[in-house]
Protein chains: 2
Amino acid sequence: MRRVTIKDVAKAAGVSLGTASRVINANTSVDPAIRRKVQDAIAALRYQPDAVAQSMRRRSTRTIGAIVRDITVPALASFVQAAQQALHDEGYALLIACSGDRRDHELELLRLLSQRRMDGVIMTTAAEDDAELAAVRAALPMPVVMLDRTPPGAFDALLLDHREGMRQAVEHLLRLGHRRIALITGATGVHPARARVQGFRDAHAAAGVAIDPTCLRTGSFTDQSGFLEASALLGRPDPPTAIVAGGIDMLSGVLRAIQARGFAVPRDISVIGSADTDLAMLASPPVTVVRWDYAELGRAGARLLIDRLSGGAALPPRQILFPTEFISRGSCAPPSRQHC
Amino acid sequence: MRRVTIKDVAKAAGVSLGTASRVINANTSVDPAIRRKVQDAIAALRYQPDAVAQSMRRRSTRTIGAIVRDITVPALASFVQAAQQALHDEGYALLIACSGDRRDHELELLRLLSQRRMDGVIMTTAAEDDAELAAVRAALPMPVVMLDRTPPGAFDALLLDHREGMRQAVEHLLRLGHRRIALITGATGVHPARARVQGFRDAHAAAGVAIDPTCLRTGSFTDQSGFLEASALLGRPDPPTAIVAGGIDMLSGVLRAIQARGFAVPRDISVIGSADTDLAMLASPPVTVVRWDYAELGRAGARLLIDRLSGGAALPPRQILFPTEFISRGSCAPPSRQHC
DNA sequence: TTGTACGCGTTATCAA
DNA sequence: TTGATAACGCGTACAA
């Protein structure tokens, strides 16, 4: 029970293999009668071209590799799904891999994607300035689109304007009267954390308010880190009166910490999250957030890659900056007296 | 700037192509000194075998295709991620595709995975008894593992015991005194919906309570469907006193509907969800749920496929039934008088 | 133990 | 317009 190949089609249609290939790829002209015969044979035999052999010959797998931190984070999943759909429409498939934000995993995945001859890669990175990562990334023989990262080198990139988003968020809190605002975000080795810290500083500077450096917590973008940092902050004799969760999936950790300490939102503490989630919308009170559209990023990423793959190999790198949106909800209020 | 092939390695090491291949695949014995030379050449040239050519020659892509409904549903994402990790450990990659629960998309994806010569497929299906889907599925030349589906035919399958889970949930509500309990779930063309309806009936039968057929809503497994069905139920003159959301991502829709109607949980209405989510845990009050471990299913699915791919092609189909767990939280209470 | 040569299924080139 | 043929990069049977 062999698979049917183009040879079988040719034989069944009584033509040469080359002719069969020609009608399949429909590029050059072929006698209508013959074309018909070949098409009939294809239908009769239920012939499907072998994508592996095509990849071999065409030197293109029509497959894109994606490296994300954690696909169980809904925002990242919606990015991946949107990218997959857009790529699918162009005949590309998506190979997915999760790095868990670990550089060793990321290195291995990079090798994997290169070995499997992906036509392109769309990825984040755990550390923009890591020398080995940068070297491997730069040596990749296919176009790369960076997701919310700006490593050294010329890469296409999808960037979010976290700086402005954070500035707005902190400005909002300062206007409410907060003077001890904490920011919990990821390691500053990557754009989103750096940008948020900048925005945090921007807003304070504009208001002429000094930052308590111990209120600036940069660890990792995990839920758990959100929990630990928030717990530590709230356990102090002088807890902040507001916390901004500066990471996609950190809000739930922060809220758990608040709940565990018995603080009430927004009476005892104001909270702002990053990225809009079921949690932020349905918590009581609903949580004020800086949101953005990750699905749009996914589509744009697909676009960027497809452009490169269809003739645009030599285009200068394009970095697209996507705006964030500030959504005010019930989780922020003026600080209560006893915490001032 | 050509890619370096095994030929280059052979030349650099001063051996034949066959010998180079032998040391790479380390199957037969080769002179230690020569092996050394080849390995040095590999390192010097940074040679990486071409996975496409290997697939061609070995007739195996070491790639598994996954078809899920919607990867932005965190439970499904954690399934996919766990499967991907387990497969990765065995040298397999995962190609991901989302069907949106639409049969035409599913058909197309099935063709895609077959054309791309996946070594195996792990999938759900929008409709178990659809003739065309069943035919294409059965004609697939690679092993298939069904995720929470039992289509006709001999397939490996990962099945959840939704029936028992639902029975426990409804039993709980009946014990609290509820007599008008609504179940909102997906179309009964698939195992999870059918099993839940059975469990729903089981519990009622055991308690000798009649079911109001209009309280049994089987539509689709979407958040939106949860919202619409719940809205309709709550808008009646005789609304149910309890609603069970019988679908992974339906709870948020149900809660939104409840909130929109101004009902309070659990005073005006009791709620039980399916699958444990941030939402269920952090809502106020936290929502009672039937939960299970989707990551475990992902790992088991990988195991099933790998077993088949390593010699177990002729094994009888294995269907694994995974238990659910009933987690009682604050969203259920005895029905209040005015609704009785 | 090593080298040679074939074939995996395609596409593309070159004559006819 | 068509047919024969050479790659693509690799693994392996067979011969040496």
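Computed from heavy atoms alone, side chains included, the values below leave out hydrogens, waters and symmetry copies. Order of the sequence lines sets the chain letters (A, B, ...), proteins ahead of strands, with each chain counted from 1.
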Review point. Quick one: what's the B/S/- string for nucleotides 8-15 of chain C, heavy-atom cutoff under 4.0 Å, read 5' to 3'?
Key: BBBBBB--
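- In summary, the side chains of A:Asp70 and B:Gln81 do present a donor paired with an acceptor at a separation below 3.5 Å, with no hydrogens or angles considered.
- Here A:Arg303 pairs with A:Asp307 in a salt bridge; the nearest charged N to carboxylate O distance falls below 4.0 Å.
- Counting heavy atoms from C-beta on, the side chains of B:Ile248 and B:Phe221 never come closer than 4.5 Å.
- Atom CD1 in B:Ile42 sits about 10 Å away from atom P in D:dC10, given to the nearest Å.
- For A:Thr150 and A:Gln319, the side-chain atoms include no donor-acceptor pair closer than 3.5 Å.
- Here A:Thr19 reaches the OP1 or OP2 of D:dG3: one of its side-chain N or O atoms lies under 4.0 Å away.
- Side-chain polar atoms of A:Gln115 and B:Asp50 form no donor-acceptor pair below 3.5 angstrom.
- Taken over five-pair windows at either terminus, the axes of the helix from C:dT1-D:dA16 to C:dA16-D:dT1 are inclined to one another by 50° (rounded to 10 degrees).
- With salt bridges taken as basic N to acidic carboxylate O contacts below 4.0 Å, none links B:Asp8 and B:Arg3.
- Proximity of B:Ser16 to the phosphate of C:dT4: no side-chain N or O atom is located under 4.0 Å from OP1 or OP2.
- A donor-acceptor contact closer than 3.5 angstrom links the side chains of B:Glu106 and B:Thr125.
- Around atom CZ of A:Arg36, no more than 12 heavy atoms belonging to other residues, nucleotides or ligands sit under 6.0 Å away.
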